[in-house]
Undergrad: 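Mind having a look at this structure? Questions to follow.
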Amino acid sequence: MNRRNFLKSGSLAGLSVTAASLVGCKTETPKETKTSEDQEDRFELLEWTIPQLQEAMASGKYTAAAITQLYIDRIHAIDKDGPLLNSVLEINPDALAIAKGLDKEREDGKLRGPLHGIPILIKDNIDTADKMQTTAGALALEGNIASKDAFIVQQLRAAGAIILGKTNLSEWANFRSNRSCSGWSSRGGQTRSPYLLTHNPCGSSSGSGTAAAANLAAITIGTETDGSITCPSSVAALVGLKPTVGLLSRSGIIPISHTQDTAGPMGRTVTDVAITLNALTATDQQDPASVAAQGKAAKDYAQFLDAKALAGKRIGIEKKPQGTNHYIIALLDKCKALLTAQGATVVEIEYLDKIDELGRHEYNVLKYEFKEGVNKYLSSGNAKVKSLAEVIAFNKANVDRAMPYFKQETLEACEALGGLDSKEYKEALQASHIGSRKILDDVIKANQLDAIAGITMGPSCAIDLWYGDRWGDVSLTSPAAVSGYPHITVPAGLVYELPVGFSFFGPAYSEPVLLGLAYAFEQAAKARVKPTFKKLFTS
């Protein structure tokens, strides 16, 4: 179960937390373009990886400026026209100038690393001290220009990445209403799945997922509280990594929960995700979780990418079926067979019922921490609203624009709570965070597991702005989310012609192992499929 289902049912076992502005609440019918389902997608950089882009720049075939322009043209052609994916809120008006500067550095023999000259899109809850806004998709924060880059943005710029623009998201990282539609924000409108335009990109890193899948950038950055990287990656045939909480700094990111929040890379290959992770990891003295993680990051995560990494590994998979859909059950069986064929031992385990029982405690943790974290962010920032109470008041005063489909009962429930010194919060934190870690640690130790695995999510559900998301009964986002442990999803196959991912997660700082397992799975499964921007379900 994901957070959206929890908020509907009352029992949480999972959560997702220009040149000119490209904003607009788009509900138009998608138009025909060169990339419609009946025509071949002829984009020059289609499915290109970071190593391929670097090779092209090294050979002189392309410059960073030329690559950046191609991605900008792609955004205008299929995100704001054609299929109308609506995944990009703003293009960085300085992107081409930055690219030209990096080209000059290359000419002078200065290379910053594997991300030098690589265009990246980042989620619109991550601060950038440039001409772009940071709003979490909320009209209440419209016009907010950060005074300082988020720590991870500083890292990306230092590594030579080009911040190409900001992606749309589920408003407030899907923590506004109990019947919201993932991928919708009052500032940006509804983002669509590039696989089936009537369907949901999942949240809250919906824009980052759609943009990466549709080749609008080399790679994207999302954030997750529970499912917000792994779910949109799963339904977009992407590799998405939610790192151990603290491995990446959260400074300068609009928060939900300091216990569960983390940023992470979303890309089309495990290799691209590993390369990007290298640039993101560094100790930030302003984030206590980052300080606690000091010395835990690997120097080079790409070194662990081994096509034979599954051999000899023990992989735990929940004994009871994941849901009741026979197509998903069949896909899980296929994944188990792949693991076995690659030399792994699949071990049946029982843990999900215990994790699911912690759902209500997780939701209480998030509500308390959201109020505390958002008030701190707003009070010290440049937004016109300075507190959660002012956000709620703004929305009420602008209901037709800010809340045309669903309301803000989650925000109001958070505002009604006390502080982090309350007994309810402390008990919830102990039960959810500490309790989940014990459950996972015990099952891993008892079964001598290298990782736990399973189907990440079911296929994308339909967009429904009036009644909200309906994600079915398959989700594996919560165990790693509530514990703060790392989780990676990799393309596994199709159900109803829509992508479905396969997950690996494990103990804190086990990213090297998980990346190796995911790479071996990826190389054996070869299940990444390009989007075709279909208008109708045809099966």
Undergrad: Under the salt bridge (Lys or Arg N to Asp or Glu O under 4.0 Å) rule, what pairs show up with a residue in residues 193-222, not counting sequence neighbours?
TA: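 Counting only pairs at least two positions apart or across chains, no salt bridge (Lys or Arg N to Asp or Glu O under 4.0 Å) contact touches residues 193-222.
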
Undergrad: Measure centre to centre between the rings of Y485 and F505, then say whether the value is under 6.0 Å.
TA: no

Undergrad: Are the side chain of D79 and the backbone N or O of L84 linked by a donor-acceptor pair below 3.5 Å?
TA: no

Undergrad: With sequence neighbours left out, write down each residue that passes side-chain contact (heavy atoms from CB on, under 4.5 Å) with S503, or none if nothing qualifies.
TA: T456, L476, H487, T489

Undergrad: Suppose we screen for side-chain hydrogen bond (donor to acceptor under 3.5 Å, both in side chains). Which residues come up paired with D103, at least two apart in sequence or across chains?
TA: none

Undergrad: Would you mind listing every salt bridge (Lys or Arg N to Asp or Glu O under 4.0 Å) that reaches into residues 161-172, with sequence neighbours excluded?
TA: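 For residues 161-172: D124-K166, E171-R176.
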
Undergrad: Does a side-chain N-to-carboxylate-O contact under 4.0 Å join K530 and D41?
TA: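 D41 and K530: not salt-bridged.
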
Undergrad: For Y195, what residues pass the ring pair (Phe, Tyr, Trp, His ring centres under 6.0 Å) criterion, not counting sequence neighbours?
TA: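 For Y195 there are no ring pair (Phe, Tyr, Trp, His ring centres under 6.0 Å) partners, ignoring immediate neighbours.
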
Undergrad: With sequence neighbours excluded, tell me which residues meet ring pair (Phe, Tyr, Trp, His ring centres under 6.0 Å) with F502.
TA: F504, F521

Undergrad: Please list all pairs meeting salt bridge (Lys or Arg N to Asp or Glu O under 4.0 Å) that have one or both residues in residues 47-56, counting only residues at least two apart or in different chains.
TA: E47-R528

Undergrad: Inspect the contact between K104 and D108 and indicate whether a charged nitrogen and a carboxylate oxygen are less than 4.0 angstrom apart.
TA: yes

Undergrad: Check K123, K242, E224 against S205 for a side chain to side chain donor-acceptor pair (under 3.5 Å) and give me the one that passes.
TA: K123

Undergrad: Please identify each residue that fulfils side-chain hydrogen bond (donor to acceptor under 3.5 Å, both in side chains) with R106, with sequence neighbours left out.
TA: Q54

Undergrad: Apply side-chain contact (heavy atoms from CB on, under 4.5 Å) to A99 and list each qualifying residue two or more places apart in sequence or on a separate chain.
TA: A64, A65, T68, I162

Undergrad: Got a sec, which residues hit side-chain contact (heavy atoms from CB on, under 4.5 Å) with Q154, two or more places apart in sequence or on another chain?
TA: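 Once residues adjacent in sequence are excluded, the partners of Q154 under the side-chain contact (heavy atoms from CB on, under 4.5 Å) criterion are K148, D149, F151.
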
Undergrad: Could you please spell out the steps behind the side chain to side chain donor-acceptor pair (under 3.5 Å) verdict for S208 and T167?
TA: CA-CA 6 Å; S208 295; T167 56; 2.9 Å; yes

Undergrad: Run the side-chain hydrogen bond (donor to acceptor under 3.5 Å, both in side chains) test against T49 and tell me which residues pass, sequence neighbours left out.
TA: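 Partners of T49 by the side-chain hydrogen bond (donor to acceptor under 3.5 Å, both in side chains) criterion, ordered by chain and then number, come out as Q52.
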
Undergrad: Under the side-chain hydrogen bond (donor to acceptor under 3.5 Å, both in side chains) rule, collect the residues that match up with S147, sequence neighbours excluded.
TA: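 Applying side-chain hydrogen bond (donor to acceptor under 3.5 Å, both in side chains) to S147 gives N382.
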
Undergrad: Any ion pair linking E90 and R187 (charged N to carboxylate O, less than 4.0 Å)?
TA: yes

Undergrad: Identify whether the distance between the nearest side-chain nitrogen and carboxylate oxygen of R250 and D261 falls below 4.0 Å.
TA: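 Salt bridge absent between R250 and D261.
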
